[in-house]
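Notes for the one structure printed next.
Just so we're on the same page: letters track the sequence lines, and every chain starts at 1. Computed from a predicted structure; not experimentally measured.
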2 protein chains.
Amino acid sequence: MGGTMTLEPVAESRCFEGRVARYRHRSEVLDCEMTSGIYLPPQAERRPVPVLYWLSGLTCTDENFMHKAGAQRVAAELGMAIVCPDTSPRGTDLPGEHESYDLGSGAGFYVNATQAPWSAHYRMYDYVVEELPAVVESRLPIGPARAISGHSMGGHGALICALREPRRYLSVSAFSPVVNPTEVPWGQKAFSHYLGDDPADWREWDACALIRERGSALPLRVEQGEADGFLGEQLQPERLAEACREAGVTLDLRERPGYDHSYYFIATFIDHHLRYHARALGIG
Amino acid sequence: MGGTMTLEPVAESRCFEGRVARYRHRSEVLDCEMTSGIYLPPQAERRPVPVLYWLSGLTCTDENFMHKAGAQRVAAELGMAIVCPDTSPRGTDLPGEHESYDLGSGAGFYVNATQAPWSAHYRMYDYVVEELPAVVESRLPIGPARAISGHSMGGHGALICALREPRRYLSVSAFSPVVNPTEVPWGQKAFSHYLGDDPADWREWDACALIRERGSALPLRVEQGEADGFLGEQLQPERLAEACREAGVTLDLRERPGYDHSYYFIATFIDHHLRYHARALGIG
């Protein structure tokens, strides 16, 4: 996969002696054009560098993390690339795709849809786990040592990617993740449309269920703001803590008084996560 | 001024143990409601802290710098507040106000307009130099030690504020400033509308002209990307260097190969500027 793909830069800015670029490419998996944000640290001018994949949350694009997280400073220091996929297929026009913030465009939920009309495009799991890494790692001085993290819907994405594909990632973390989507409104709405009405088919895309069924050799690190307005209804990190306890999985859950769901929270703690991933990637 | 004013928080997020907030208040000077972005470092919970005023560029609001510059980390370390005014009056609806990115809304140019219809609202100089500081310094644990900086149109604003009011600011810096607006297209367009057709009336709002006429006891620090697409036509920092040389004003002009006009450039070097201002403010 990725052998015939081109990766076309559509914008590029120097940043901390490396470069932030947006690359456009045709996704075969999603059957549309996609744009990804990529930070290459200065070390990438001389050799391939390890990479952190960052999965963003609802309504985001490939740009939010690059603009708002302030991660490039430490990524440049460590010699770590950062790849930010978009959060859904784009340029398609499916029925209902653009009507709500938590379904369709901007809300791919990092699953492989099985239900029409979504299944023709909404295969974000295969895209972020296989196709995009194959493209960027063959075209840019990136990889193959990979870490993964994300925020909210993207925190859910990071967890399920690492739990389902533990050999593809050396470390995983999440900010404010949706840990148990099969049991909360965001997940139930998205999964019923993308995966159908049988909740048994949802479990392979739910971090808590995956942990109970498969365990995890990788430890999990989660950052959660205690003033997050989505905490009680959508996030419920105590469910993850309980699943990890029952399955004997190591969870480092850091609850931060006063912090909310915004990028100001992410910016405050992203440096800790980058250094955590750097150690797993062998550059810390 | 500011004695009867209220400052209403409309959003607040914890950030690096301090807080980013947007405050709405009625401006008498601009005759409209305005929103300002303010970062209060953790030290402000115990005592008033020195402040950096940041003036943003064309098309920006009070939010761009807070979202994209990554300045809160070092501001929290130093104990420095940051105040980001909006870039023009808002909520008015003057003829032609919303038709182009470089005139009217988002493009106040930090001058006091003398020409109808602009003069009823577009008095951004008095707003950022007097009214806004009076409001925030009386309502929040901020000031009175002040520094000023800004980007592009806001770099022009920072320079003219400090050159016209050298006793109000302990230090000044600018990123990619419009140093000689009377001689470049952005400035000529805006000044002809706001200040009238006689270029003699524009000179008091032009950093190069002010330096030649008044000199400056304050040194100037300017950061400029050499890959900035506006460099040759709108910015021309060599004009500032020449004016400073002729007037015996100290200029530290740092030209950065490969960097463009974006916030990725600002984010890369903002820490240097905050530490520079901190020394002048007595906290570095």
(request) Starting from the C-alpha separation in whole Å, work towards a yes-or-no answer on side chain to side chain contact (heavy atoms under 4.5 Å, CB included) for A:Asp271 and B:Arg73. (result) CA-CA 10 Å; A:Asp271 292 358; B:Arg73 184 182 63 88; 3.9 Å; yes
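- The stretch residues 57-72 of chain A places A:Met66, A:His67, A:Lys68, A:Gln72 near chain B, each with some heavy atom under 4.5 Å from a heavy atom of that chain.
- Atom CG in A:Asp260 sits 9.5 Å away from atom SG in B:Cys15 (nearest 0.5 Å).
- Contacts between B:Phe16 and chain A at a heavy-atom distance below 4.5 Å involve backbone atoms as well as side-chain atoms.
- Of the atoms belonging to B:Ser262, it is side-chain heavy atoms, and not backbone ones, that fall under 4.5 Å from chain A.
- Summarising the geometry, atom CZ belonging to A:Arg14 is positioned 11.0 Å from atom CZ belonging to B:Arg256; distances are rounded to the nearest 0.5 Å.
- Heavy-atom pairs under 4.5 Å with chain A were tallied for B:Phe269, B:Tyr263, B:Tyr259; the largest tally goes to B:Tyr259.
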(message) Using the rule given for side chain to side chain donor-acceptor pair (under 3.5 Å), can you reason through A:Glu12 versus B:Tyr264, listing the C-alpha separation, both sets of side-chain angles and the distance that settles it, and then say yes or no?
(response) CA-CA 10 Å; A:Glu12 186 174 301; B:Tyr264 294 123; over 6 Å; no
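- By the ring pair (Phe, Tyr, Trp, His ring centres under 6.0 Å) test, A:Tyr276 is found to be paired with no residue, residues two or more places apart in sequence or in another chain being considered.
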